[in-house]
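Bear in mind that the values here come from a model prediction, so they are computed numbers and not experimental data.
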Amino acid sequence: MGLVARDAELEMIAEVLDREPTSVRALVLEGEPGVGKTSLWEQGLAGGRDRGMRVLAARGSASETGLPFAGLIDLLDEVAVDELTAVPPPQLHALEVALYRAEPGEQPATEQVVSLALLSALRSLSREQHLLVAVDDLQWLDPSSQAALAYAARRLQDRVTVLLARRPGPRSGVEGAFRDERVDRLVVRATTLGGTRQILATRLGLRLPHHLLRRVYDTTLGNPLFALEVGRLLAGRDPATLGEGLPVPDAVEDLLGLRVADLEPATRRLLLALALDADLRVAQVRDLAGPDALEHASATGVVDVDGDRVRPAHPLLAEAARRAATADDVRRLHADLAAVVSDDQRRVLHLALAATEPDPVLAARLDGAVARATARGAIRLAADLAGHALRLTPPGDADAGRVMLLAKLLQMAGEKQRLTDLLAPRAASLPERADRVRAHVLLTGGVVHGNDDILALLQRALDEAGDDAALRLRVLCHLAENEAVIEVRNVVVADARAAEAVVASASGSAGGQRLALYTRVWTSALRGRPLDDLLERYEVLACESSYLARTPGRVAGQQHVWRGEPGPARERFESFRSLAADRGEPSPYALARLHLCELELRLGRWDDAAELLDEWAASLDSSLLHWPMYERCRSLLAAGRGDAAGAREWGERAIAQAEETGIRWDWLEATRALGVAALLDHRPEEAVRHLRTVWAHTRDQGVLDPGAFPAAPDLVEALVETGDVGDACTVVDALHETADLQDHTWARLTAGRGAATVALAGAWSDDEARALVGVATAYDERGLAAEAARTWLALGRAQRRARKWGAARDSLERAVRLFEEQGAPGWADAARADLERVGARRPSTPGRLTTTERRVADLAVQGLANKEIARTLVVTVSTVEFHLRNAYTKLGIRSRMELAPRLAELDDTAT
């Protein structure tokens, strides 16, 4: 039966489906529960089939949100393996494992490989037939499937249309994968009074007096599903007997609950089963609810049967059944579900959910399920299973092993609160000293309010270790790392302790040796020493069960960044991120994203850094890192783009949080950003104050790699501007010394840049000018675009002061071009201001906006507030304000009122 009172919505869906399949497009249907978006979505599926499309459909389910790749299992349910012969075998195997069509073997299915396999599969299928990829209740789609779909959506080229339906809320990652011009959005709203009348008449044959129809409409707020539910209760009744009140509850959820309560017991049981396990098949449902229950439920519109799959007619019906059921009903049904499901992991989970009493045999079976879930990369599921195993352990039985296993899984899953709740009451009373020490160390990754909490926990661990040398050694390594990396102080002392730990651990456990080597890698990196020997020794001891956050590869990647070696750094970080995703460890994944962001910031790839930060802001794992890392990266991004106000805003926020939590690393980097902002604002004295603080602190505390906190080049420039040439020379001499001792490429280039800048501030020298050209070229060759542009700017300013007008014009024009290419409009404006002072003509294309600036400006013209623009583009409000400020400056306007006519003028000119 077709939809009624939805002509406009159906027309929009048809228009999207009828477009030429030259590019991937998406239509998002958004609406409240019951408003009709699912019905419209189903009409879209039917329309796609009518047009000869291959339809791949999935429906999100609240009960499946925690099951990895549940959505992909649904989506590819009817795709046979022989249709995917074009998918490379390693990818196809990973996909088959994720779909539970193959055993994982030694390597579990990973999100990255499965995402790539999905992309290959969709590309292969779309070559044969235009695809319609459809997902209903997107808000309940499991994160693994969302990530895979988002990955594929960003890379598909043509012959694919995507139809999504979801409840109101934050934009999902799948939607964010599409550029704005490739997404159409349809807000599905409540129907009108006339629409309600039409729905009741067409679907139920129900005719009501106007006053009663009005009451139905007012009570249901025009929600079609709820109007139908009320109509079913009213059908067959005499309106004259109804009195003043409708026989329905006021609240919508109560209304659905009453609907479920009025069902036959077998039908209610069927709905409850679907709420508890959304992957049930026809035969399993019949075994659970009886041979006639499914047919009755289907005939009464409670469930839909699609081939071998059974689903509730609307997810809220299943949820209402869950709410209406007693705890005993739920437990009994879990036990019955365990008897009918075929997958052993699902079976043991249902048994665990049904169990109320300790059961050592079931607990042991759960241990096996934990291992299998971990092998598949389902860390959160493994943690839940381990929690049940602990719960079902009989009182008096030794449970410390399960406590510590669960704690480790919770740490890997980023479940900080659960980790704290588990270990805080048990840490001091665990029977084994080693477990007590480890528990207090694990708690440092739980809920803490600052570094003082971490130090207190490590001190308790040290106290528990007593005279056990091996245990004390492990705790001392953690303390040394904290001192060097968190507090950035006494690095010389921390390095000496780490060196002693490496020697002392050589005869101990492999875990103790790995921890000592990891700590020594950190201190060695900060001291500017090579890491190859330590890395090789660590690899010999490497273990797949090691916590990735404490593996030294990411530190080696950071050292590459500090030394101006972006290629090896990116390789390290991408490998680390891939491994973190493979193993389902969100905290290391968050660290990998942080390091990639830091790399892009060093390279001057501001848009790439911003994209990573926007992803970070929208992700759940943003809370996994204790410190204001996000804020200080935002401040450095703003400073790099030339947004002094934004740099100060974010930098001051980061500093305040760093002081509150006791983290010096982020404090130093945010202070550096403030120094760059002051330099941009032509406040050299303030710049010197900030940058000298960073330089002096790191040198005094034993940080010898000048690229770890790269304040030196900006400090030299600020000191030259204030006339403190002697101090500037001291910094340059230190860089020269470091470059020679450490064979440090970045330090050598930066020392040459500083020396030439100091010399040119005193008197003109062709040799020094050529030296700056060489430095800028070398920076550019190494991919250090931001430093190259700043060097050309410094050269152009020196040439302008020396009245070398033609040379100054060439250097400054190059600086402007490089800054604009990087997306650093503030610095481009600064260089342009110098360019105007040498008599340069204005650019031939005034008012040209970057792609991002134009998108923000267009949304502003549409009347969206800054917060709405930020939500639409999945960026921060400050990012929106930054791009609007740049657009206003380029367009020569001061307000939004001037924006629309100015954009129209530009478009007319372009035409």
Side-chain angles (χ1 to χ4, degrees), residues 564 602-604 639-642 644 672 675-685 687-688 691 695 706 710-725 727-729 731-732 735-736 746-782 784-822 824 826-838 840:
R602 293 295 180 95
L603 298 179
R641 278 180 160 165
R672 180 168 69 88
V676 177
L679 199 58
L680 178 65
D681 274 348
H682 302 290
R683 296 202 299 268
E685 292 82 5
V688 167
L691 296 166
W695 174 260
D714 296 305
L715 177 58
V716 169
E717 184 176 331
L719 287 167
V720 168
E721 288 196 29
T722 59
D724 297 324
V725 176
D727 288 348
C729 289
V731 175
V732 170
L735 288 172
H736 276 302
W746 180 85
R748 183 172 293 110
L749 289 174
T750 304
R753 170 182 164 188
T757 300
V758 170
L760 290 172
W764 176 255
S765 165
D766 289 338
D767 289 340
E768 297 296 349
R770 282 192 291 271
L772 273 185
V773 171
V775 169
T777 303
Y779 275 141
D780 194 55
E781 289 173 348
R782 301 191 72 82
L784 304 174
E787 310 235 38
R790 290 285 302 279
T791 304
W792 283 112
L793 176 59
L795 175 59
R797 285 173 170 173
Q799 290 165 331
R800 178 181 58 77
R801 289 193 301 268
R803 300 179 182 274
K804 306 289 184 179
W805 306 121
R809 184 177 298 112
D810 291 342
S811 298
L812 291 169
E813 285 178 348
R814 183 172 299 197
V816 169
R817 176 176 57 80
L818 290 175
F819 284 131
E820 288 183 336
E821 289 175 353
Q822 296 163 23
W827 282 106
D829 289 343
R832 198 175 288 112
D834 281 284
L835 188 57
E836 291 175 355
R837 296 176 67 181
V838 298

Engineer: About how many Å separate OG1 of T722 and CG of D727, when rounded to the nearest 0.5 Å?
Structural biologist: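 Answer rounded to 0.5 Å: 8.0 Å.
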Engineer: With rounding to the nearest 0.5 Å, note down the distance linking CH2 in W827 to CD in E820.
Structural biologist: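 Between atom CH2 of W827 and atom CD of E820 there are 15.0 Å.
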Engineer: If you measure from CG on L795 to CZ on R797, what distance do you get to the nearest 0.5 Å?
Structural biologist: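 The distance works out to 12.0 Å.
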Engineer: Taking all atoms of both residues into account, what is the closest heavy-atom pair of G564 and L784, and its distance?
Structural biologist: CA-CD1, 4.3 Å
Engineer: Could you tell me if the side chain of L793 sits less than 4.5 Å from the side chain of F819, heavy atoms only?
Structural biologist: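 Yes, close enough: below the 4.5 Å cut-off.
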Engineer: Let me confirm one number: the CG-OG1 distance from L772 to T757, rounded to the nearest 0.5 Å.
Structural biologist: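 It is 5.0 Å, given to the nearest 0.5 Å.
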Engineer: What pair of heavy atoms forms the shortest contact from L818 to A789, and how long is it?
Structural biologist: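 Taking L818 first and A789 second, the nearest heavy atoms are CB-CB, 3.8 Å.
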Engineer: Taking all non-hydrogen atoms of both residues, which atom of A824 and which atom of G640 are closest, and how far apart?
Structural biologist: CB-O, 3.5 Å
Engineer: Give the minimum heavy-atom separation between L691 and A718, together with the two atoms involved.
Structural biologist: CD1-CB, 4.5 Å
Engineer: For T750, which of P713, P710, P706 qualifies under side chain to side chain contact (heavy atoms under 4.5 Å, CB included)?
Structural biologist: P713
Engineer: Using side chain to side chain contact (heavy atoms under 4.5 Å, CB included) as the criterion, point out the one residue from L719, V716, V731 that pairs with V758.
Structural biologist: V716
Engineer: Report the distance from atom CZ of R782 to atom CG of D780, rounding to the nearest 0.5 Å.
Structural biologist: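 Rounded to the nearest 0.5 Å, the CZ-CG separation comes to 12.0 Å.
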Engineer: Write down the atom of G752, the atom of H736, and the distance for their closest heavy-atom approach.
Structural biologist: N-CE1, 4.4 Å
Engineer: Going by the salt bridge (charged side-chain N to carboxylate O under 4.0 Å, His left out) test, which pairs reach into residues 784-794, not counting sequence neighbours?
Structural biologist: D714-R790, E717-R790, R753-E787
Engineer: Set out, in order, the CA-CA distance, both residues' side-chain angles and the distance that settles salt bridge (Lys or Arg N to Asp or Glu O under 4.0 Å) for E721 and R683, then state yes or no.
Structural biologist: CA-CA 9 Å; E721 288 196 29; R683 296 202 299 268; over 6 Å; no
Engineer: Could you please spell out the steps behind the side-chain contact (heavy atoms from CB on, under 4.5 Å) verdict for R803 and W764?
Structural biologist: CA-CA 10 Å; R803 300 179 182 274; W764 176 255; over 6 Å; no
Engineer: Side chains of L812 and W792: does their closest heavy-atom pair fall under 4.5 Å?
Structural biologist: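 Side chain of L812 against side chain of W792, heavy atoms only: no contact under 4.5 Å found.
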Engineer: Locate the shortest heavy-atom distance separating G796 from A808; write the atom from each residue and the value.
Structural biologist: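 In this case the closest contact between G796 and A808 is O-CB, 3.7 Å.
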Engineer: To the nearest 0.5 Å, what is the distance between CZ (R809) and CD (E836)?
Structural biologist: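 The distance works out to 12.5 Å.
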Engineer: Test of understanding: with salt bridge (charged side-chain N to carboxylate O under 4.0 Å, His left out), list the residues that count as partners of R814, not counting sequence neighbours.
Structural biologist: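 By the salt bridge (charged side-chain N to carboxylate O under 4.0 Å, His left out) rule, R814 matches no residue at all.
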Engineer: Using the salt bridge (charged side-chain N to carboxylate O under 4.0 Å, His left out) criterion, which residues pair with R770? Sequence neighbours excluded.
Structural biologist: D767
